[in-house]
Amino acid sequence: MSGPLYRAPRGVLEYLPPRGEEFLRVRERLAAPARAAGYSYLELPVFEQTALYARGVGESTDVVSKEMYSFTTRGGDEVTLRPEGTAGVVRAVLEHGLDRGRLPVKLWYAGPFFRYERPQAGRYRQLQQLGIEALGSEDPALDAEVIAIGWEGYAGLGLRGVRLDLNTLGCAVCRPAYREALVAFLATIEMDAETRRRATVNPLRVLDDKRPEVRDRLAEAPLMSTFLCAECRAHHDTVRTLLADVGVPWRDEPRLVRGLDYYTRTTFEFVHDGLGAQSGIGGGGRYDGLAEVLGGPALPGIGFGLGVDRTLLAVEAEGTGLAVAAPLDVFAVALGPEAGREVFSIVVSLRRAGIRTDQAFGNRALKGAMKAADRSGAAYAVLVGSRDLAADVAQVKDLVAGNQTAVPLSRLVDTLTRLLQEKDS
RNA sequence: GUGGGUGUAGCUCAGUUGGCAGAGCACUGGGUCGUGGUCCCAGGUGUCGCGGGUUCGACUCCCGUCACUCACCCCA
């Protein structure tokens with residue numbers, strides 16, 4: 001096969017029917033708990049000035065150093081397709097003064113994000129994410145709320161294999177001492193050049209290495225938990241108490257660091273084992289210093305990003321199903337061109353009455369049209385031929401039971417409305 | 001960026017020591033001039049990923065290349 005002239009760009013995921021409906025369903029279910037908790041929707045640009053990510057996310061991160069889709073515009077601006085959501089949300093909050101009103105500001109967003117990586121199972125160059133951000137409060141109850149919202153989102157999809165990993169990274173008061181201790185420790189162990197480089201730029205991220213041989217060497221590494229200041233310890237204890245109170249289970253994961261520079265205190269990750277090597281289906285944390293880094297006032301914040309693609313994979317891996325409803329109520333069929341005109345009017349009338357309706361197009365043979373009616377999933381077929389036209393009726397056929405009755409055209413909408421209601425109950 | 005696997009019909013895949021490219025599904029038409037689901041008949045599509053090489057002859061063997069895929073680092 002020489003193949004079509006054009007192909008989708010490398011590493012993008014396309015959701016074709018019927019999977020597209022499942023994708024939408026997943027996104028709706030993940031968003032529901034956030035909307036129920038007073039988070040407002042925000043639609044942001046999918047590209048920003050490159051400097052926003054370089055500063056906000058951090059030059060030392062993989063995301064910025066090797067995964068950005070960056071380009072220069074015709075006007076000479078350096079821009080980047082958004083690799084994550086938080087930096088853009090904080091930028092918009094600061095730019096438009098959303099932090100001047102009632103705090104905390106609670107926002108949610110969804111859409112595509114871009115990272116230039118080698119694609120593999122569960123990892124795409126264009127990925128779909130849904131996120132929430134709460135800014136303007138250091139209250140640990142907000143940390144617990146954000147985590148619980150994520151948890152409820154997965155629960156709403158019927159997922160049973162989601163695990164929550166939880167950690168705290170300390171703050172500007174206590175982290176420097178820990179960092180120093182960690183650097184001292186890292187100097188004593190053996191590591192490859194790339195890891196050594198990472199250790200100098202951002203030593204905490206070395207802890208996140210998943211290679212067994214590296215993990216072994218890190219077994220004796222100092223942990224943040226022993227360096228926490230009183231405030232951070234109290235904050236973390238409260239978060240965990242609140243989660244326990246509402247029955248959200250977690251696993252303390254003292255090595256959970258996460259890849260972005262802006263995190264402070266609470267960090268967490270939702271993990272699922274059904275997707276191959278990429279097990280993280282969502283994650284987030286607190287970023288109390290980010291607004292200041294971006295030139296704004298002190299504005300603490302916490303949020304998460306949930307991977308919609310990966311969540312759908314998890315749903316499919318668990319085989320729980322999403323019960324996507326039949327898309328149609330009625331399928332209309334015309335026999336001959338004169339009837340075609342009548343059928344078109346019928347179809348539009350039915351739709352205006354809230355009945356989901358499609359029709360056979362293209363002058364198909366009746367047998368083929370009925371086959372199309374059958375496969376459409378509609379509960380009823382409406383047939384109109386010249387004999388019916390002469391009698392001012394349409395044939396209404398129950399596609400499940402198989403019986404058919406003539407209904408006067410003037411009563412067609414009412415009759416079908418009633419039949420569909422009866423079927424529902 | 002590095003490594004493994006796979007490329008044959010729209011989809012899922014067969015194809016024997018190298019000898020004329022197949023099945024199922026799907027699609028379209030027909031089987032009583034106006035009736036689907038089961039059944040029967042008929043129909044069509046392929047640069048066998050692409051380019052070289054070996055050979056009388058290559059889907060098959062060799063080399064290269066591209067794509068897809070899985071994995072490593074890392075992340076959603």
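Proteins come first, then strands; the chains are lettered A, B, ... in the order of their sequence lines, and each starts at number 1. Note that the structure is a prediction, hence the values are computed from the model and not measured.
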How far, in whole Å, is B:A42 from B:G53 if one measures between their C1' atoms? 44 Å
Suppose we define a pair by two distances each less than 3.5 Å, Watson-Crick or G-U wobble; what does B:C72 pair with here? B:G1
Which parts of nucleotides 30-39 of chain B does protein reach within less than 4.0 Å, heavy atoms only, written one letter per nucleotide 5' to 3' as B for base, S for sugar-phosphate only and - for none? BB--BBBB--
Atom CZ of A:R118 to atom C1' of B:A76: distance rounded to whole Å? 19 Å
What interatomic distance, in whole Å, is found between C1' of B:G7 and the corresponding atom of B:G15? 15 Å
For B:U60, the nucleotide meeting Watson-Crick or G-U wobble distances (both under 3.5 Å) is none
How would you label the contact of A:A373 with the nucleic acid (heavy atoms, under 4.0 Å): base, sugar-phosphate, or nothing? nothing
Mind checking if A:F270 touches a base, just sugar-phosphate, or nothing, with heavy atoms under 4.0 Å? nothing
For A:F71 and A:Y69, what are the C-alpha separation, side-chain angles and deciding distance, and is it a ring pair (Phe, Tyr, Trp, His ring centres under 6.0 Å)? CA-CA 7 Å; A:F71 58 100; A:Y69 269 95; 9.0 Å; no
Tell which nucleotide pairs with B:U28, taking only Watson-Crick or G-U wobble pairs whose two distances are both under 3.5 angstrom. B:A42
Is a donor on one side and an acceptor on the other found under 3.5 Å between the side chain of A:R27 and the backbone of A:L130? no
Find which nucleotide of RNA chain B each of A:G305 and A:G276 is nearest to by heavy atoms, and output the residue with the more 5' nucleotide. A:G276
For A:Q120 and B:U69, is the shortest distance between a side-chain N/O and OP1 or OP2 below 4.0 Å? no
Between A:Y154 (OH) and B:A76 (P), how many Å, whole number? 10 Å
If you measure from the P atom in B:U8 to the same atom in B:U69, how many Å do you get, rounded? 14 Å
Quick one, A:L186 with A:M191, criterion side chain to side chain contact (heavy atoms under 4.5 Å, CB included). Give me CA distance, side-chain angles, the key distance, then yes/no. CA-CA 9 Å; A:L186 291 176; A:M191 54 179 98; 3.9 Å; yes
Distance in angstrom units between A:I281 CD1 and B:C74 C1', rounded: 18 Å
Heavy atoms, side chains only, cut-off 4.5 Å: are A:I281 and A:L306 in contact? no
Can A:E318 and A:R160 be said to form a salt bridge (charged side-chain N to carboxylate O under 4.0 Å, His left out), step by step? CA-CA 8 Å; A:E318 289 197 13; A:R160 310 189 68 84; over 6 Å; no
Roughly how far apart, to the nearest Å, are B:C25 and B:G57 at atom C1'? 34 Å
Base-pairing mate for B:A67 - Watson-Crick or G-U, with both contacts under 3.5 Å: B:U6
Check the phosphate of B:C74 against A:Q278, side-chain N and O only, distance under 4.0 Å to OP1 or OP2. Yes or no? no
Using a cut-off of 6.0 Å, state whether more than 12 heavy atoms not belonging to A:Y116 lie near its atom OH. no
To the nearest angstrom, the CZ-C1' distance between A:R197 and B:G1 comes to 13 Å
Using modelled atom types and a 3.5 Å cut-off, is there a donor and acceptor pairing between side-chain atoms of A:R125 and backbone atoms of A:P119? no
If you find the nucleotide of RNA chain B closest to A:Q129 and the one closest to A:Y116, which residue's nucleotide is nearer the 5' end? A:Y116
Less than 4.5 Å apart, side chain to side chain, heavy atoms only: is that true for A:D288 and A:C171? no
Roughly how many Å apart are B:G5 and B:A9, using the P atom of each and rounding to a whole number? 22 Å
Using a 4.0 Å heavy-atom cut-off across all strands, classify A:R258 as base, sugar-phosphate, or nothing. sugar-phosphate
Identify whether any heavy atom of A:D309 sits under 4.0 Å from a base atom; if not, whether one sits that close to sugar-phosphate; answer base, sugar-phosphate or nothing. nothing
Contact between A:L419 and A:E422 at the side-chain level, heavy atoms closer than 4.5 Å - yes or no? yes
OP1 or OP2 of B:C68 versus the side-chain N and O atoms of A:R10: is any pair under 4.0 Å? yes
note: A:E84, atom CD; B:A76, atom P; distance rounded to Å ~ 9 Å
Sugar-phosphate only, base, or nothing, as touched by A:R125 at under 4.0 Å among non-hydrogen atoms: nothing
Spacing of the P atoms in B:C62 and B:U54 (rounded, Å): 16 Å
Strand partner of B:G22, provided both Watson-Crick or wobble distances fall under 3.5 Å: B:C13
If I take atom OH in residue A:Y109 and atom C1' in nucleotide B:A76, what distance separates them, rounded to the nearest angstrom? 10 Å
Just call it for A:E117: base, sugar-phosphate, or nothing, with non-hydrogen atoms closer than 4.0 Å on any strand. base
Is there a donor on the side chain of A:R364 or the base of B:U28 sitting less than 3.5 Å from an acceptor on the other? no
What is the distance, rounded to the nearest whole Å, between atom CZ of A:R7 and atom C1' of B:C50? 12 Å
Can you check the A:E133 CD to B:A76 C1' distance for me, whole Å? 14 Å
Distance between P atoms of B:U60 and B:U16 (Å, rounded): 11 Å
Verify, without hydrogens or angle tests, whether A:R82 (side chain) and A:E48 (backbone) share a donor-acceptor contact under 3.5 angstrom. no
Taking the P atom in each of B:A71 and B:G29, what is the distance between them to the nearest angstrom? 44 Å
